[in-house]
Every structure is written in structure tokens, then in C-alpha cells.
2 protein chains.
Amino acid sequence: MKIGAAAAASGVNAKMIRHYEAIGLLGPAARRENAYRDYGERDIHELRFIRRARRLGFSIAEIEALLALWRDRARPSREVKRIAEAHIGDLEARVADMQAMAKTLGNLVAACHGDDRPDCPILDDLALGEAWV
Amino acid sequence: MKIGAAAAASGVNAKMIRHYEAIGLLGPAARRENAYRDYGERDIHELRFIRRARRLGFSIAEIEALLALWRDRARPSREVKRIAEAHIGDLEARVADMQAMAKTLGNLVAACHGDDRPDCPILDDLALGEAWV
DNA sequence: GCTTGACCTTCCCATGATGGGAAGGTTTAG
DNA sequence: CTAAACCTTCCCATCATGGGAAGGTCAAGC
């Protein structure tokens with residue numbers, strides 16, 4: 001399977017497949033005589049794994065660890081669980097951050113007329129330069 | 001006020017102050033005879049504005065728009081409100097995304113023993129390569 | 001057989017926000 | 001007078017993604 005077909009089959013585009021190989025996330029692809037990359041079912045499987053993990057917000061570094069565990073049939077599930085839990089913690093922290101931002105902005109927006117008048121608590125607050133709301 | 005003092009006074013570090021000037025977010029700084037940048041109260045005010053807006057998650061492009069409105073004493077608050085509301089929508093969408101990820105991962109983590117055994121629904125799911133949970 | 005278009009290759013560059021660090025000039029405190 | 005602390009510009013790196021150039025290869029249709 002050439003790279004275009006592998007991209008279609010895995011959902012990871014060709015550019016990214018090459019990139020993942022370049023950064024060592026994937027091993028060097030098999031090559032045909034004409035130097036075209038050649039992929040098999042196993043490769044497609046790994047690519048789908050990567051795609052799914054990216055969609056769940058795992059970083060490339062985390063995926064590298066997960067892939068290593070996945071390739072190791074004897075891995076302890078403890079390690080996988082640890083990585084996943086750490087990632088959940090990370091996601092939750094970011095969610096809390098963004099919710100705090102949205103809430104603060106929500107307060108400001110509610111206090112802003114939103115008409116032709118120039119008075120605007122949003123700008124006033126930003127100009128204060130402090131985060132106390 | 002030299003750039004170091006401006007950084008301390010505004011909370012934006014010197015490197016970023018130069019960067020904001022380079023990308024046109026701030027006008028060219030006044031210069032002393034020795035070519036050192038020189039800042040006044042107004043500049044500090046703008047820098048704090050930027051810092052606060054960044055903290056609320058506004059992109060540089062959004063801040064550029066907000067700064068323009070802030071500098072325009074006759075701006076209609078409507079426009080400011082619109083930008084803030086769009087940003088809130090953006091934040092909420094990202095929060096929803098991340099919560100969905102965290103939930104999916106939470107399900108998988110709950111089903112994973114997390115011990116010495118290799119069986120792991122987390123990896124199994126990733127390997128499926130489809131997002132159906 | 002030849003052309004055309006769809007592939008493939010590598011290489012360089014860009015994004016956005018931030019920062020590290022080099023090489024060189026200036027100021028300030030001891 | 002010297003050393004440290006500043007300042008300047010310039011280049012490079014990050015992370016994940018992608019655009020695009022220049023050139024090679026292949027398959028289908030005429």
C-alpha cells in the first residue's frame with residue numbers, strides 16, 4: 001500500500017505519516033524499488049492508534065509511550081492506566097482554566113451594554129490589568 | 001523606563017515586549033540616545049491590557065482588535081461585546097471538546113485493572129482506531 | 001509511443017506564542 | 001577601573017500541522 005492509500009485507510013494524511021516517521025514515532029517505512037513507501041496492515045493499525053490517541057488529546061510524547069506499551073504484549077496495564085489518568089488530570093485542569101476565563105468574561109459581557117455607547121466594562125477591566133474578578 | 005523596568009511594571013517580560021512590537025501589536029517604542037527602548041505610563045497600561053487579555057485566553061489577533069477599540073474613545077461597546085462573546089463561544093466549544101475526551105478516557109480508565117496484567121481496554125480501544133465511545 | 005494527470009520523493013518555509021542564547025554595546029555600583 | 005547587570009539585534013527551538021517547489025514514477029487514454 002502506497003502512502004496515499006495508507007492515509008485513506010488510516011485517516012492520517014500523507015504529510016503527517018511522513019512527519020511521524022521523521023520524528024521517530026513510527027519506524028522507517030518499508031520502501032519499494034522506486035523508493036516509494038510501502039505500508040501493510042500492521043502499519044495501518046499503528047496509524048489508526050495514533051489518530052485515535054491524538055483525537056483524545058494525547059501529546060506525541062504520550063503517544064510514543066502508549067505505542068511502546070502497545071507493542072509490548074507483556075506490558076503491565078498499570079503503566080497505561082497511569083498515563084491515561086495523568087492525561088485526564090491535564091484535561092481537567094485545562095477545562096477548569098477555560099471555564100474560569102469564560103465565567104469572568106461572561107460577567108463582563110453581561111455588564112456591557114453592547115450598543116452605540118462607548119462605555120464598556122470589558123475594556124475597563126482589561127485596562128486594569130489585574131485578574132480579580 | 002527601560003524595557004526591564006517596563007517588564008517588571010507590566011508583568012510582560014522583556015522578550016515578549018519586543019515581540020509584540022515586532023509583530024505590530026504595539027507601535028514602535030520611543031528610543032533613547034543609546035537606542036534603548038523607553039516606556040511611559042501609557043505603554044505600561046497597554047502592556048497590562050495585553051497581559052490581562054492573554055490571561056483570559058484572547059488570541060493576539062483578538063487583542064489587536066480590542067486594543068484598537070480601547071484606543072478609540074468613541075468606539076461602540078457593541079463591537080467589544082461581540083468579540084468577547086465570540087471568544088466565550090470559542091472557549092465553551094473547546095471545553096466541551098476536552099470534557100468529551102476526559103469522559104471517554106474516564107470510561108476506559110475505569111475498565112482498566114491497572115495492575116501487572118497486560119490486558120488493557122485503553123490500548124484495545126485506541127487500537128480500534130475509531131471514536132465511538 | 002506519447003501525453004496527461006495523479007501519484008510519489010525530499011527539502012524548505014510558515015504558523016502562534018514563547019523562550020534560549022550568542023555577539024556585541026552601555027550603564028552602574030563598588 | 002572593573003565587573004555585573006543591562007540593553008541591542010539576530011538566529012534558532014518548541015509542537016503539530018500544512019503549503020508548496022522541484023523533480024521522479026506510474027497508469028490510462030489517445
Side-chain angles (χ1 to χ4, degrees), chain A residues 1-26 28-40 43-44 46-67 87 90-91 94 97-98 101, chain B residues 1-26 28-40 43-44 46-67 87 90-91 94 97-98 101:
Chain A
M1 202 176 334
K2 287 187 290 182
I3 200 170
S10 67
V12 179
N13 73 37
K15 203 99 187 178
M16 291 312 298
I17 297 178
R18 293 194 198 96
H19 177 64
Y20 292 149
E21 179 181 336
I23 63 175
L25 187 57
L26 297 172
R31 300 291 186 133
R32 302 192 183 175
E33 306 230 328
N34 56 13
Y36 284 15
R37 287 176 179 79
D38 200 5
Y39 297 95
D43 302 304
I44 303 308
E46 296 211 346
L47 285 168
R48 287 205 197 145
F49 184 103
I50 293 170
R51 172 155 167 271
R52 169 83 163 127
R54 283 296 300 142
R55 283 219 191 159
L56 285 174
F58 286 98
S59 70
I60 296 292
E62 287 169 322
I63 295 176
E64 199 159 0
L66 290 172
L67 263 180
H87 184 53
D90 203 65
L91 286 172
R94 286 194 281 159
D97 254 21
M98 288 200 254
M101 290 181 200
Chain B
M1 200 175 340
K2 288 188 290 182
I3 199 169
S10 68
V12 179
N13 73 36
K15 204 98 185 179
M16 291 312 298
I17 296 178
R18 291 194 199 96
H19 178 65
Y20 292 150
E21 180 181 335
I23 62 175
L25 187 58
L26 297 172
R31 299 292 185 134
R32 301 190 184 176
E33 304 230 330
N34 56 14
Y36 284 16
R37 287 175 179 80
D38 200 4
Y39 297 95
D43 301 304
I44 302 308
E46 296 211 346
L47 285 168
R48 287 204 196 146
F49 183 103
I50 292 171
R51 172 156 167 270
R52 170 83 165 126
R54 283 296 301 144
R55 283 216 189 161
L56 285 175
F58 286 98
S59 70
I60 296 292
E62 287 169 323
I63 294 176
E64 199 159 359
L66 289 172
L67 264 181
H87 184 52
D90 203 64
L91 287 171
R94 286 194 281 160
D97 254 19
M98 288 199 253
M101 291 181 200

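Quick note on labels: first sequence line is chain A, next is B, and so on, each numbered from 1. These numbers were taken from a predicted model, which means no experiment stands behind them.
- Atoms CD1 and CZ, from A/Ile63 and A/Phe49 in turn, are 8.0 Å apart once rounded to the nearest 0.5 Å.
- Between the CE atom of B/Met98 and the CZ atom of B/Arg94 there is a distance of 6.5 Å, given to the nearest 0.5 Å.
- A distance of 11.5 Å separates OG in A/Ser10 from CD in A/Glu46, rounded to the nearest 0.5 Å.
- Separating the CG atom in A/Leu56 from the NE2 atom in A/His87 is a distance of 6.5 Å, to the nearest 0.5 Å.
- Think of the region where chain B sits on DNA chain D: with heavy atoms and a 4.0 Å cut, that region ends 5' and 3' at D/dC6 to D/dT9.
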task = Determine, step by step, whether A/Arg51 and A/Arg55 satisfy the side-chain contact (heavy atoms from CB on, under 4.5 Å) criterion, reporting the C-alpha distance in whole Å, the side-chain angles of both residues, the deciding distance to 0.1 Å, and the verdict.
result = CA-CA 6 Å; A/Arg51 172 155 167 271; A/Arg55 283 219 191 159; 2.4 Å; yes
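- Using a 4.0 Å heavy-atom distance criterion, A/Arg31 is classed as a sugar-phosphate-only contact.
- Of the two residues near DNA chain D, A/Asn34 and A/Lys15, the one whose nearest nucleotide lies more 5' is A/Lys15.
- Distance CD1/B/Ile3 to CE/B/Met16: 11.0 Å, rounded to 0.5 Å.
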Distances under 3.5 Å between nitrogen or oxygen atoms of protein and nucleotides 15-18 of chain C:
unit_1 : atom_1 : unit_2  : atom_2 : d
C/dA17 : OP1    : B/Ile60 : N      : 3.0
C/dA17 : O3'    : B/Arg54 : NH2    : 3.1
C/dT18 : OP2    : B/Tyr20 : OH     : 2.7

inquiry  = Under the criterion side-chain contact (heavy atoms from CB on, under 4.5 Å), I'd like the reasoning laid out for A/Asp43 against A/Leu26: C-alpha separation, chi angles, the key distance, then a yes or no.
reply    = CA-CA 9 Å; A/Asp43 302 304; A/Leu26 297 172; over 6 Å; no
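- The distance from the CD1 atom of A/Ile60 to the CD atom of A/Glu62 is 10.0 Å, given to the nearest 0.5 Å.
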